[in-house]
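Working notes, beginning with the structure itself.
As the structure is a prediction and not an experimental result, all values here were calculated from the model.
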Amino acid sequence: MPISTHNAISIVELCSTLRQLQQLHGHVLAAGVLHDPSLFAKFVATLALCPKTPHHLNYSYELLAHSPHLPSLFALNSMIRAHSKSPMPLQSFLFYRQILFADALSPDNYTFTFLIRACTQASAMGAGRAAHAAALRRGFRSDAHVQCGLIHMYAEFGSRDAFRGVYAELQSPDLVTQTAMVSACAESGEVHLARELFDKMPHRDVVAWNAMIAGYSHMGRSREALDLFGLMQAEGVRIGEATMVSVLTACAHLGALDQGKWVHVYVEKNKLRITVTLGTALVDMYFKCGCVARAMDVFWRMKERNVYAWSSAISGLAMNGAGEKCIELFKRMEEEDGVLPNEVTFVALLHGCGVAGLVEEGRELFKSMKIRYGIEPRLEHYGCMVDMYGRAGRLEDAVSFINVMPVEPHAGAWGALLNACRIHKNIELGEFAMEKMMQLESRNHGAYVSLSNIYAESRNWGGVSDVRESMKAKGVRKEPGCSVIEVDGQLHEFFVGDKSHAKYPEIEVMVKEMLRRLRLAGYVSRTNQVLFDIQEEEKEDALCWHSEKLAIAFGLMSLRDSVAIRIVKNLRVCWDCHETSKFVSKVFDREIVMRDRNRFHHFKDGFCSCMDYW
DNA sequence: CTAGGGTTAG
C-alpha cells in the first residue's frame, strides 16, 4: 500500500538517523507525495534535530532545491535553525536572504530567534548586530524569544552594555528572560548583580537556580555555589542533572570530596542517568580530589565517552602524575571510541608527558598534533613543551624551543623556564627568564617567588632581598598561601599563621607535637625556603605556621586514623611542607593527598608520588 | 518549529 502524506509525517517523527530518513525518502518518492509542503517541512525540521554531520544539511538542501513548490517560511526557518547548530552557522544567512527575496514571505519571530542563535554560535558580532537591527526594524522589540536570544548573544560576545540595553527596554521580562539575564551578568563578572536579580525574581524554577549556581561555579566562587545549592534543597526545588553538574564543578574546584561523593550517591539513589556530561563532571571531580581509581572507575562505566570525557581523564591522570597512562588512554580513545582529540586533549596529554618526564614521547605527540590531526599548536602547547624540556633538565632545549616558537613567547613559556631553573638551580638562566617575564607580566606573583627560591637555594640572600625590594617597589604582594581541608563535609580554610580557627589552641599544640615527633624521626626544617633573610630560629618559626602544616595538624586531630588527609592548596607547596608531609605519612602512618596549584602529591610511607619533582 | 541552566585546559 502506498504511503500517504499523513502517515509519512508520523513516520518522520520516529526517525532519528539520517539513514532512516533516507529510507523513508525513498518510499515517499515512490508514493509521489514528497513535495507536500508540510511533509517537506517536517523532514527538514527532523534533520535539524540531528545535525551531527553536514550531510544532513546537504540532504535537506537537496530537498529544498528540487522541490517544485516555493519553500514555505516554516521550511526556511527550519533550515536556518538547522544551520545555527551546525559547524557553519553563518550559512543560515543564505536562507534568511531567500526569505527576504521571496515576495510572499517575510521573516517572523522564529526566523530571528534562529538567526540570532546562529550569530551567537559563530561568534559573529557584526552579523549579530545586523540581525538585532533587522529584528527591531520588523517590530520584534518586545518578543520574549527574540530578546532573550539577544541577551544570550551579547553575553557571549562579552558586550555588557549591549545586553543590559536589551534588558532595560523590556516592559516585564518573564522567567526565562530573567534567567538569561542572571546568566549574562554572572558570565560578565558581575556575580553580585546576578544574585540581586536572582533574589528579586518572583518565581524561580530549576533552570533559574541552575543558572545562578553555575554562575558562581564558573567564576570560581565555589563556596557560594554550594551554599546556594543548600538553599535550593531547603526550598524543595527538584534537582536535575544540570544542577548536579554545576555542583560537581564546584566540588572539583574546592577539592570537596565528601560533598562530591554525596552527589554521586544522590545520582545513583535517584537513578539519574549518567550521561556523558554528568559522567565527565564526576570523573573530573574525583580526579581533582586526587581519587584516581574512583575517577577511572566512573570513566570506564560511562556508556558514552566523547572528547570531553576522554580529555578530562587524560588531564586528570596528568595532574596526578601518571604520564604513561595518559599516553595509553590517548591511544585508546581513538581505537576504542573513535573519538578524535582536540586542542584541549593535547594540552592535557603534553602536560602528562611533562610531569612524567616522557620527553621523546611528548615530542612525537607534539609533531603528530599538526600532521596527523590537523591541530595547529597554540601558546598553551608551546608552554607545555618548554615545561617538559625544562623539567627534564634539558634547559638548552627549552630555550631553543622558545626561540623557534612561531608565535611570540608568552608569560607562560617564560614562567615554565623560570620554574625549570628553580628545579635545576640555574641562576643565570633564571634571571634571564625573569627579565623576559617582567616585560610581559611585571606583577606575576609566582615569578617572584620562583626567582626568590632560586636565590634562597644557593643562600644568596642579597638576591632574595632584591626580589623583595622590587616586589615592594611595584606594589606586588605575595599571594597569601591558603590550604583547605574537608572534615565531615565541612571545609576548613587556613592561611599562613592563621589563628582564627575555633580550635586554634589545640591546633597549635598539635603542630608543635607533630614537628617534635618528626624531628625525632630525622626531619630537619629547610629554613632557606623562607623569603626573608631573618634569623634562623625565626625562619624556622615562620615555616611552622605555613597553611599546609596547620591543615595537616588539624586533619591529624580530627580525622579517623584510616582516612587520608586531603588538602587543597592555592599555591605551589614549598619544599619544607613537602618534606614535612613525607615524614608525617611515615611517622603517623597516614596517607596525605595534597593538591597544589599545579598537580597532586600523594604521600605514603615517607615518599611522594611526584618523586620530589615538581 | 522559537527563548533561559550543564562537561575537558589555562
Side-chain angles (χ1 to χ4, degrees), chain A residues 38 41-42 44-46 48-49 72-82 84 108-117 120 140 143-153 155 173-184 186-187 198 201 204-215 217-218 240-250 252 274-285 287-288 302 305-316 318-319 339 341-352 378-381 383-384 410-412 415 597-598:
Chain A
S38 53
K42 204 76 205 172
V44 176
T46 308
L49 291 175
S72 64
L73 182 60
F74 175 53
L76 291 168
N77 280 346
S78 294
M79 290 304 279
I80 295 177
R81 180 190 186 194
S84 76
D108 61 3
N109 46 346
Y110 291 92
T111 313
F112 285 112
T113 307
F114 300 143
L115 201 60
I116 289 163
R117 183 168 62 201
T120 311
F140 298 103
D143 183 275
H145 295 100
V146 172
Q147 300 305 315
C148 198
L150 286 170
I151 291 172
H152 183 75
M153 178 182 81
D174 63 6
L175 171 68
V176 177
T177 312
Q178 286 171 18
T179 306
M181 192 59 185
V182 167
S183 267
E187 247 174 73
F198 176 79
M201 286 171 71
R204 290 180 291 233
D205 64 358
V206 216
V207 182
W209 281 92
N210 291 348
M212 194 61 234
I213 293 175
S217 269
H218 285 159
E241 195 192 328
T243 317
M244 288 317 193
V245 172
S246 296
V247 170
L248 285 168
T249 304
I274 300 198
T275 56
V276 219
T277 314
L278 182 54
T280 303
L282 276 169
V283 168
D284 184 54
M285 182 276 294
F287 272 125
K288 288 187 176 147
M302 285 169 68
R305 287 176 288 267
N306 59 13
V307 68
Y308 285 80
W310 283 97
S311 303
S312 75
I314 292 173
S315 152
M319 274 188 293
V339 173
N342 63 16
E343 67 281 0
V344 178
T345 319
F346 272 101
V347 173
L349 183 61
L350 295 174
H351 182 211
R378 293 202 313 220
L379 282 172
E380 296 90 327
H381 303 104
C384 285
H410 61 315
R597 175 167 267 188
N598 258 351

Should A:Tyr308 be counted as stacked on B:dT8, where stacking needs a ring-centre gap under 5.5 Å and an angle between planes under 30 degrees?
no
Give a yes/no verdict on base stacking between B:dT8 and A:Trp310: centres under 5.5 Å, planes within less than 30° of parallel.
no
[X] [atom1] to [N] [atom2], straight-line distance once rounded to whole Å:
X        : N      : atom1 : atom2 : answer
A:Asn109 : B:dA3  : CG    : P     : 11 Å
A:Met285 : B:dT8  : CE    : P     : 13 Å
A:Ile314 : B:dG10 : CD1   : P     : 13 Å
A:Gln147 : B:dA3  : CD    : C1'   : 11 Å
A:Asp108 : B:dA3  : CG    : P     : 13 Å
A:Arg305 : B:dT8  : CZ    : P     : 18 Å
A:Phe114 : B:dA3  : CZ    : P     : 6 Å
A:His218 : B:dT7  : NE2   : C1'   : 9 Å

Identify whether any heavy atom of [X] sits under 4.0 Å from a base atom; if not, whether one sits that close to sugar-phosphate; answer base, sugar-phosphate or nothing.
X        : value
A:Phe112 : nothing
A:Ala242 : base
A:Val283 : nothing
A:Leu379 : nothing
A:Asp143 : nothing
A:Arg378 : base
A:Ala144 : base
A:Ser312 : sugar-phosphate

List the atom of [X], the atom of [Y], and the distance in Å for their closest heavy-atom pair.
X        : Y        : answer
A:Asn109 : A:Thr113 : O-OG1, 2.7 Å
A:Arg305 : A:Val339 : O-CG2, 3.4 Å
A:Met201 : A:Val182 : SD-CG2, 4.2 Å
A:Ala155 : A:Ala184 : CB-CB, 3.6 Å

Closest nucleotide among [options] to the [X] side chain:
X        : options              : value
A:Glu380 : B:dG10, B:dA3, B:dG4 : B:dG10
A:Ala180 : B:dG6, B:dC1, B:dG4  : B:dG4
A:Thr275 : B:dG6, B:dG4, B:dT8  : B:dG6
A:Thr280 : B:dT7, B:dG4, B:dA9  : B:dT7
A:Asp284 : B:dA9, B:dG4, B:dT2  : B:dA9
A:Asn342 : B:dT7, B:dT8, B:dC1  : B:dT8
A:Ser78  : B:dC1, B:dT2, B:dG4  : B:dC1

Would you say [X] places a side-chain N or O within less than 4.0 Å of OP1 or OP2 belonging to [N]?
X        : N     : result
A:Thr249 : B:dT7 : yes
A:Lys288 : B:dT7 : no
A:Arg117 : B:dT2 : no

Report yes if a donor N or O on one partner sits less than 3.5 Å from an acceptor N or O on the other, where the partners are the side chain of A:Asp174 and the base of B:dG4; otherwise report no.
no
Between the base of B:dG6 and the side chain of A:Thr277, is there a donor-acceptor distance below 3.5 Å?
no
I would like to know whether A:Leu248 and A:Asp284 meet side-chain contact (heavy atoms from CB on, under 4.5 Å); could you show each step before the answer?
CA-CA 8 Å; A:Leu248 285 168; A:Asp284 184 54; over 6 Å; no
Can you tell me how far apart OH (A:Tyr110) and NE2 (A:His145) are? Round to the nearest 0.5 Å.
7.5 Å
ring-ring contact (aromatic ring centres under 6.0 Å, His included) with A:Trp310: which residues, sequence neighbours excluded?
A:Phe299, A:Trp300
